[in-house]
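Notes follow once the structure below has been shown.
What you are looking at is a predicted structure, and each value in this text was computed from that prediction instead of being measured.
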Amino acid sequence: GGTPTAVFSSIFETAARFSSTNTGGGTVTIPSAASGVSISTSATGTSSSSITAQITQGNYLNNGSPTFSCVMGADTWGTDFSSYFGMGLVTIDGTSLTFTDRHIGFKITRAASGTVNLYATQGDSVTETVSASLTTYAVGDGDGMEFIAKVNSTTSVDYYWRKSGGALSAATNLTSNMPTTCSRMTFAVS
């Protein structure tokens, strides 16, 4: 009935409103200042962390046609790095993220070659649909990445992005492997 907004620095003031997962030295820090949430991995190849917010059971974030967005920065890009922001809970096991889980969102990966890519992604708990690379990043080019997704009822999702306050991209639309329910918003790095 309105325009819901989630500001993580205030939503996560009480532990009852979120859950986090850390493996192999991963950390989730909620700064005292209103600057959001810091999610980090350690220098090991088996380190990961995530934070989720879950709404009341029986209600789903993808009901109707919601739009959700995030501004995210990265201090460094490790090799074989992956990151996720979106609706739905992706499995995190310390060495990778599982993108066949039920989700709608964005992923950033850096292969051993050093290229950092942004993708639109969605999964129905069996299969992932992933876009071609939406853009690439240079190491150290992680500040001010903005991700926006608009759910078109149960039929598709329009994905937009921009870097450092630049021009908004054209929409990338994904229609297959739409999840039927998403009750969590998740940020994860591995």
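By the 4.5 Å side-chain criterion applied to Ile, Leu, Val, Met, Phe, Trp and Tyr, I148 is assigned to a cluster that also includes Y160, L168. Through direct or relayed side-chain contacts under 4.5 Å between Ile, Leu, Val, Met, Phe, Trp and Tyr, Y119 connects to V130. Membership of the apolar cluster around L97 extends to Y84, V90, I92, F99, as traced through chained side-chain contacts below 4.5 Å between ILVMFWY residues.
Evaluation of the ring-ring contact (aromatic ring centres under 6.0 Å, His included) rule for F106 yields F147, Y159 as partners, not counting sequence neighbours. Looking at residues two or more places apart in sequence or on another chain, you find a side chain to side chain donor-acceptor pair (under 3.5 Å) between N117 and S133. Here T121 pairs with H103, E128 under the side chain to side chain donor-acceptor pair (under 3.5 Å) rule; sequence neighbours left out. Shown here are the side chain to side chain contact (heavy atoms under 4.5 Å, CB included) partners of T129, two or more places apart in sequence or in another chain: Q122, L174, S176, N177. Shown here are the side chain to side chain contact (heavy atoms under 4.5 Å, CB included) partners of A170, two or more places apart in sequence or in another chain: there are none.
To the nearest 0.5 Å, the span separating CZ on R162 from CG on L134 amounts to 15.0 Å. Distance CD1/I108 to OG1/T136: 12.0 Å, rounded to 0.5 Å.
Residues M178 and T155 approach most closely at CG-O, 4.0 Å, considering heavy atoms. Of all heavy-atom pairs between A188 and S50, the closest is CB-CB, 3.6 Å.
Between the side chain of S169 and the backbone N or O of W161, at least one donor-acceptor pair lies under 3.5 Å. Between the side chain of D101 and the backbone N or O of T91, at least one donor-acceptor pair lies under 3.5 Å. A donor-acceptor contact shorter than 3.5 Å links the side chain of S49 to the backbone of T27.
Side-chain contact between M145 and L118 is absent, with no heavy atoms from C-beta onward closer than 4.5 Å. Side-chain contact between T154 and T180 is absent, with no heavy-atom pair separated by less than 4.5 Å.
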